[in-house]
Amino acid sequence: MTTEPSARTAVGRSLTTGTLVAGLLAVCLAQIGLAIPATLNGLFQSDLNPVGSQLTWISDAFLLPVAVLELTFGLLGDLFGRKRLLIGGAALLAVGELVSATASGIHQLWAGQALAGLGAAGLFPTSLAILAAGTTSPAQRARVIAMWAALLSTGGFLAPLLGGITATYGSWRWSFVVVTAVAVASAAVSALFAVDSSAPEGRSLDVAGQLTIGLGLFSLLYAIIQGPTDGWASPSIVVAFVLAAVFLAAFVLAERRAKSPLLRLDLFRNRAFAVASVVAVVGMFAFLGTAYSVSIRLGPVQDQAPMRTALAFVLLNGITLVMLPLTERLLRTVAPGLLLGAGLLLIAAGDYWAATLPITDSSFTSLILPLGLVGLGFAITVSSITATAVNTVPVHLAGMASATTNLLRDFGFTLGPAVIGAVALSRATSSFSASLHDSALPQALKGAGAAVLEEGGPLAVNGASAASPKLAELHPLALDALGHGYSIGFVVCGSAALFSALLTFVTLHGRAAAQGE
């Protein structure tokens, strides 16, 4: 979830143990911060009572800065020193998590997660760059990158366990407190032991590119997330879509004129690379959309214990860590394109299976096999996306290809909660309204249900009807509507993964395109 180091990275001295520990701790911290809110959605719903799309914004408040700013932070580290960014990123993440831990309402939680996301956007690229800068041979660099990837996976594995344990035996606030403590420790280790490095030669900031892509992506996500709540034809949503189109077009123009562009647009002239980039966005959207659907199903909808949600996320993320040795071997022996397509097919199969599970089925065993397939597919896919993209371009463009792919992959991650939240809530709202209208419930109860739906959406109806005996007869209708909504969410994710798999097989023919294309 970051950029590969450039071949031009300056190497001042060999990699020290202190730098190694600081870099690995930093990436593990960043991934924990990114992954932990998803296990707590049920508690956010019950404690903070978010309405409409507010729950979706908790996840995307963290993801958006990572997707938009990590390339810029990587450049800042090259220009001004990576040690400073390791310290500053960890400190900013600590502040954001502390703000989240003390949140008295949903808006403060958004602010905290946005600050934490800014910190993580600095840590992801800088942690890898500072490690690679200390290597003295290709073999050593390969080992360091493998260690970095292992700690990234470890963070994804530890986050749901941390969220489940602290929420079970304390509260969701303690999850953020623990992450704050880890962030403070990371900043201290970097300050005391990391050896600084930089590579300013030939690098410069692309201010116009950063502003336009930031505003464009924010406008697009705002329109997607708020559409079900505000209405797709409402002026604010239409204006947001128009602004997204304008700013993204301006970004393309800015990158064509920039001396040191944030994104090398000429890479997309390579058909195979363009296909790999599309797969990076759509495939990663499918995975994180699946994770978001699981978190909402188990948390706000079924009101299951946080530890149950944590175990589901261990299935989704932990397989990546277990599979690392095998995945590395497969990447050496199997064509990356073929491996990528196979991983996406596994994600699609798991999603379609999950979509068939009735919302009244709260047993964890029903989820083991479908989530296991998705987790296995993700373990293969996430490792082969960059390899596939890099192998489609000339060697001297490999670093930029990797950076571009990671940017698009993280944008796909950001789209997951946004799109699936919009699709599922829109479907659940219309389904509940229709069921309520056709039901034989008393008119007063129908009016109460419609009022709660108007004010807070189907998740609010589900929570209120489960908690209030007066509204209890509304609960089966709300539960069924949400079940249909998030089943469609699984189908959308599965279809996105299947589309990506077919595109990979047809276009890449199971092998990387020639680098000279």
If we only count heavy atoms from C-beta on, is the [X] to [Y] side-chain gap below 4.5 Å?
X	Y	answer
Leu109	Ile58	yes
Leu453	Ser433	yes
Leu55	Asn41	yes
Tyr486	Leu425	yes

Please give me the minimum heavy-atom distance between [X] and [Y], naming the atom from each residue.
X	Y	result
Ile225	Ala418	CG1-CB, 3.5 Å
Cys493	Gly289	SG-C, 3.5 Å
Ser186	Leu25	CA-CD2, 3.6 Å
Leu436	Ala450	CD2-N, 3.7 Å
Ile237	Trp232	CG2-O, 3.8 Å
Ser500	Val279	O-CG2, 3.9 Å

Audit row: Gln31, Leu151, side chain to side chain contact (heavy atoms under 4.5 Å, CB included) steps and yes/no = CA-CA 9 Å; Gln31 186 64 19; Leu151 266 293; over 6 Å; no

[Y] versus [X], side-chain donor and acceptor atoms under 3.5 Å:
X	Y	value
Trp172	Thr166	no
Trp57	Gln226	yes
Gln302	Ser362	no
Ser363	Ser366	yes
Asp60	Thr414	no
Gln108	Thr102	yes
Ser236	Tyr222	no

Treating [X] as the side-chain partner and [Y] as the backbone partner, does any N or O pair qualify as donor plus acceptor under 3.5 Å?
X	Y	value
Ser468	Ala464	no
Ser465	Asn462	yes
Thr39	Ile36	yes
Asn317	Phe313	yes
Arg427	Gly485	no

Could you walk me through whether Phe490 and Val294 pass side chain to side chain contact (heavy atoms under 4.5 Å, CB included), step by step?
-> CA-CA 9 Å; Phe490 284 123; Val294 170; 3.9 Å; yes

Do Leu474 and Leu441 pass the side chain to side chain contact (heavy atoms under 4.5 Å, CB included) test, and can you show the C-alpha distance, the side-chain angles, and the key distance before you say yes or no?
-> CA-CA 9 Å; Leu474 296 174; Leu441 295 174; 3.7 Å; yes

Kindly determine whether Glu97 and Gln113 satisfy side chain to side chain contact (heavy atoms under 4.5 Å, CB included), including the steps that lead there.
-> CA-CA 7 Å; Glu97 299 292 43; Gln113 287 301 286; 3.0 Å; yes

Which pairs pass ring pair (Phe, Tyr, Trp, His ring centres under 6.0 Å) with one or both residues in residues 277-301, sequence neighbours excluded?
->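 Sorted result for residues 277-301: Phe287-Phe378.
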
Provide the full list of ring pair (Phe, Tyr, Trp, His ring centres under 6.0 Å) pairs with a residue in residues 416-465, sequence neighbours left out, each pair given once.
->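 Passing the test, one end in residues 416-465: no pairs.
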
What distance do Lys446 atom NZ and Leu477 atom CG have between them, rounded to the nearest 0.5 Å?
->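 Here the rounded value is 10.0 Å.
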
Quick check: are there more than 12 heavy atoms from other residues, nucleotides or ligands sitting under 6.0 Å from OH of Tyr352?
->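 Enclosed.
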
